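Notes follow once the structure below has been shown.
Just follow the structure's listing: the first ligand is 1, and inside any ligand the first atom is 1. Hydrogens, waters and symmetry mates are skipped; everything else that's a heavy atom, side chains included, is used. Computed from a prediction, not measured in an experiment: that's the story for all the values here. Position 1 is the first residue of the sequence; numbering continues from there.
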Amino acid sequence: MPRSKIAGIGFYVPENIVTNNDLTRFMDTSDAWIQERSGIKERRFAHRTKETTTTMGVEAARIAIERAGITPNDIDFIIFATLSPDYYFPGCGVLLQRAMKMNHIGALDVRNQCSGFIYALSVADQYIKTGMYKNILIVGSEKHSFGLDFSTRGRNISVIFGDGAGAAVIQPTEKENQGILSTHLHSDGEFAEVLAMYNPGTHANHWSDKPHADFEDKEMGEMFMSHAMIEKGQNYPFMDGPAVFKKAVEKFPEVIHEALDDNGLKTSDLTLLVPHQANLRIAQFVQKQLKLSNDQVFNNIEHYGNTTAASIPIALCEAWEKGKIKEGDLICLAAFGSGYTWGSVLMRW
Ligand code: ACO
C-alpha cells in the first residue's frame, strides 16, 4: 500500500498588516497585554471586498499545485477546511473548484476549526492509501476579520485571530523513508460551548443547560438570526480563553506522544514539531513538556496571529521555505481547538 506525501505546499496572507497598536484604535487593549499573553505582534486582515476565504485559498492552492509540478486539472479531489466560509452553504470547496476552473471532481468541506487541516490531511491520507485518488488538494483558509467583535466586549478573542490560507497537494509515494506514518484524531463534545459561535444556528436554546451556553434570553434562540442576537453580540464567537488554554496544554503533548509511541519513536527523533498557532505561550509550554529544543519547534504566530485551519499549512510552508525541512526529516503536526477537537499527523518529509 502506498503512503501519502506532501508533494507541494503553499501559503497566502493578505498584504494588510494590522499591529497590536492598530487594534487599540477600536478597543481597550495594549501591545504589551497582547504580546505578553499570546506572543502576537501583528496579523494580516483580508481586503474587505476583494478577498474571501475562498480567494485566499485559491492563491495558496496555485502555489502548492505549481510546486507539486502539476496543473489544477490534475487535481482529483478537494478538501477545504475553514470555520469562516464565504457562504453558510455551500462550502468553500465548490467555490474553489469553480474559481480554479477544475474538472467536476469531488469537493469536501471540513468543519473542525483549529484541527481542520489535521482532519483534512487524515481524510486525504485514507483516499491516497486506498488508491482512490492520486492528487488531492487540501486547503485551510480563514477570513476571521469579517466576523469578530472589535469593540472592547470582544477583545479577549478578537486580538488573537488573523486571516490567511495554506494549501498542500497530497500524492502517493512508494519511497521507503517518506510519507505520512500515522494520523490520530480526537474530539470531546462535552466542551462544545466553551469555544463556539452559536448564531446563526438551529439550536433554538436546546443546549442551554450546558456550561458556558449563554442562551438565557429565550427569545434569542428561537430564530436562526435576530436583531436581539446582533445587539447582544451573540453573532460573534465566544471563548473561555483560560479553559481552552488549560485543556490545550494537556492535549497537545498527549496527542504528540500518541503519534510517536505508535511508531516506536521518541521526542528526540523529531526534526520539527509544527503546532497549530493558537498562542505562543501554549506552544512554549508544550515544547518544555516534551523537552524539545528551539530548533525542533516552529512558530510564526508573532506575525500572523491564530489563523485556525490555515495556521498549520502556513507554518509548515514557511518552515519549508526557510530550509528547516528536508527529505527524510521526521515532522509532527498537532492541533487543538474548538469542539474540542485535537489531533496529530506524523510524517517523513
Ligand atoms: N486586552 C487587555 N485586557 C484584556 C484583553 C485584551 N485584549 N482580553 C482580556 N483582557 C482582560 C480580561 O478582561 C481580564 O481582566 P480582569 O482580570 O480584570 O477580569 C484579564 O485580561 C485576563 O483575561 P483572561 O481571559 O483570563 O486572559 P488570559 O491570560 O487567559 O489570556 C487568551 C487570554 C490569550 C485568549 C488565552 O486565554 C488563550 O490563548 N487561550 C487559548 C486560546 C486558544 O487556544 N484557542 C483555541 C484556538 S481558537 C479555535 O479553535 C477557533
May I ask you to check whether Glu142 and Ser84 show a side-chain donor-acceptor distance below 3.5 Å?
yes
Could you pull out all residues at least two apart from Tyr133 that satisfy ring pair (Phe, Tyr, Trp, His ring centres under 6.0 Å)?
Phe77, Tyr127
Charged N to carboxylate O under 4.0 angstrom, Lys175 versus Glu327?
yes
Can you name the atoms of ligand 1, numbered from 1 with element, that are less than 4.0 Å from a heavy atom of Gly337?
50 (O)
Can you list the atoms of ligand 1 that are under 4.0 Å from a heavy atom of Val159?
7 (N)
Considering both backbone and side-chain atoms of Arg155, is one of its nitrogen or oxygen atoms within less than 3.5 Å of a nitrogen or oxygen in ligand 1?
yes
Less than 4.0 Å between a side-chain N and a carboxylate O, is that true for Glu302 and Lys41?
yes
Atom 16 (P) of ligand 1: any protein heavy atom closer than 4.0 Å:
no
Of Ala278, Pro237, Pro242, which has the heavy atom at the shortest distance from atom 26 (O) of ligand 1?
Pro242
Contacts of Lys324 meeting salt bridge (charged side-chain N to carboxylate O under 4.0 Å, His left out) (sequence neighbours excluded), chain-then-number -> none
Any non-hydrogen protein atom below 4.0 Å of atom 44 (O) of ligand 1?
yes
What are the atoms of ligand 1, with element, lying closer than 4.0 Å to any heavy atom of Asn306?
47 (C), 48 (S)
For ligand 1, note which part of Ile157 has a heavy atom under 4.0 Å away: side chain, backbone, both or neither.
neither
Atom indices of ligand 1 within 4.0 angstrom of Leu83 heavy atoms, with elements:
51 (C)
For the residue pair Gln287 / Asn294, report whether a side-chain donor-acceptor contact shorter than 3.5 Å exists.
yes
What I want to check is whether the side chains of Thr52 and Asp86 have a donor and an acceptor closer together than 3.5 Å.
yes
Looking only at heavy atoms, is any part of Asn279 under 4.0 Å from ligand 1, and if so is it the side chain, the backbone, or both, or is it neither?
side chain
Leu195: numbered ligand 1 atoms lying under 4.0 Å from its heavy atoms:
45 (N), 46 (C), 48 (S), 49 (C), 50 (O)
Would you verify whether the NZ or CZ of Lys288 falls within 45 degrees of the ring axis of Phe285 while also being under 6.0 Å from that six-membered ring's centre?
no
May I ask you to check whether Thr29 has an N/O atom sitting below 3.5 Å from an N/O atom of ligand 1?
yes
So which of Gly241, Ala196, Cys114 gets nearest to atom 51 (C) of ligand 1, if we judge by its closest heavy atom?
Cys114
Which bit of Arg281 is near ligand 1, meaning a heavy atom under 4.0 Å away: side chain, backbone, both or neither?
neither
Backbone or side chain, does any N or O of Ser338 fall under 3.5 Å from an N or O of ligand 1?
yes
Within reach of ligand 1, part of Trp342 (heavy-atom separation under 4.0 Å)
neither
Could you walk me through whether Asp125 and Ser122 pass the side-chain hydrogen bond (donor to acceptor under 3.5 Å, both in side chains) check?
CA-CA 5 Å; Asp125 183 36; Ser122 170; 5.9 Å; no
Quick one about Glu318 and Tyr304 (side-chain donor to acceptor, distance below 3.5 Å, no hydrogens or angles considered), yes or no?
yes
